[in-house]
Amino acid sequence: MPENILLIDDEKDFLDVMTERMEARGFEVSTSMSAKEALGMIKKGAYDAIILDLQMPGMDGIEALKAIKDIQPEAQIILLTGHATVEKGVEAIKLGATDFIEKPADLETLSRKIKNAHAEKIMIVEKKEKEAVIDALKRFGM
């Protein structure tokens, strides 16, 4: 089953090109041109990885990252920007971003990071499920 990714960027041309290229690499791609719209999409379903532009009008990438993590703590978010600063990258990682890539992104690198993020998400979900089973067994004295 292909990885299901959400691309969030305010540049339509960039979204169109990235969608085409990522679909050619076997990913299932959804897009959003605003963080607010993306949050609505995330509330309705989970994505294997979220690729989020750092510089957007309205809600920027850091604000969106915080809001996404509030909705889905296990979300794997890769920040993508052409206006990166080391400070913003460090801040994003501290807030729970999986990775930080500068535009123009090397598609092979991005594809690898998406696959790694998906694997990490699977491990997080499996760990939570195991912990829930252990807690349930403890409640029943087992």
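The shown structure was predicted, so the numbers you read here are calculated from the model rather than taken from an experiment.
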Note to self: Is the shortest side-chain heavy-atom distance between Leu95 and Ile62 below 4.5 Å?
What the structure shows: yes
Next item on the list: Measure the shortest side-chain to side-chain distance between Glu23 and Pro2 over non-hydrogen atoms and say whether it is less than 4.5 angstrom.
Entry: no
Note to self: For a 4.5 angstrom cut-off between non-hydrogen side-chain atoms, does Asn116 reach Arg112?
What the structure shows: yes
Next item on the list: Please examine the side chains of Phe14 and Leu80, heavy atoms only from C-beta on, and report whether any two atoms are closer than 4.5 Å.
Entry: yes
Checklist line | Under 3.5 Å donor-acceptor, Asp53 side chain and Met56 backbone | finding: no
Check: Is there side-chain contact between Glu3 and Arg25, with heavy atoms separated by less than 4.5 Å?
Finding: no
Only distances under 3.5 Å count here; give the side-chain donor-acceptor pairs of residues 31-51 to other protein atoms, sequence neighbours excluded, each with its distance to 0.1 Å.
{"unit_1": "Ser32", "atom_1": "OG", "unit_2": "Ser34", "atom_2": "N", "d": "3.3"}
{"unit_1": "Ser32", "atom_1": "OG", "unit_2": "Ser34", "atom_2": "O", "d": "2.7"}
{"unit_1": "Ser32", "atom_1": "OG", "unit_2": "Glu37", "atom_2": "OE1", "d": "2.7"}
{"unit_1": "Ser32", "atom_1": "OG", "unit_2": "Ala38", "atom_2": "N", "d": "3.3"}
{"unit_1": "Ser34", "atom_1": "OG", "unit_2": "Glu37", "atom_2": "N", "d": "3.1"}
{"unit_1": "Glu37", "atom_1": "OE1", "unit_2": "Met33", "atom_2": "N", "d": "3.3"}
{"unit_1": "Asp48", "atom_1": "OD1", "unit_2": "His118", "atom_2": "NE2", "d": "3.3"}
{"unit_1": "Asp48", "atom_1": "OD2", "unit_2": "Asn4", "atom_2": "N", "d": "2.7"}

Item checked: Sub-4.5 Å side-chain heavy-atom contact between Thr98 and Lys121 -> no
Note to self: Just so I know, are the side chains of Leu110 and Ile101 near enough to count as touching, which here means a heavy-atom distance under 4.5 Å?
What the structure shows: yes
Checklist line | Sequence-distant partners of Glu20, side chain to side chain contact (heavy atoms under 4.5 Å, CB included), two or more places apart | finding: none
Pairs under 3.5 angstrom only: tabulate donor-acceptor contacts from the side chains of residues 134-142 to other protein residues two or more places apart or in another chain.
none

Note to self: Working to the nearest 0.5 angstrom, can you tell me the gap between Asp99 CG and Lys113 NZ?
What the structure shows: 3.5 Å
Next item on the list: Please round to the nearest 0.5 Å and tell me the distance separating atom CZ of Phe100 and atom CG of Leu52.
Entry: 10.5 Å
Check: Do Ile5 and Glu28 touch side chain to side chain, with heavy atoms closer than 4.5 Å?
Finding: no
Next item on the list: With rounding to the nearest 0.5 Å, note down the distance linking CD in Glu74 to CD1 in Ile122.
Entry: 12.0 Å
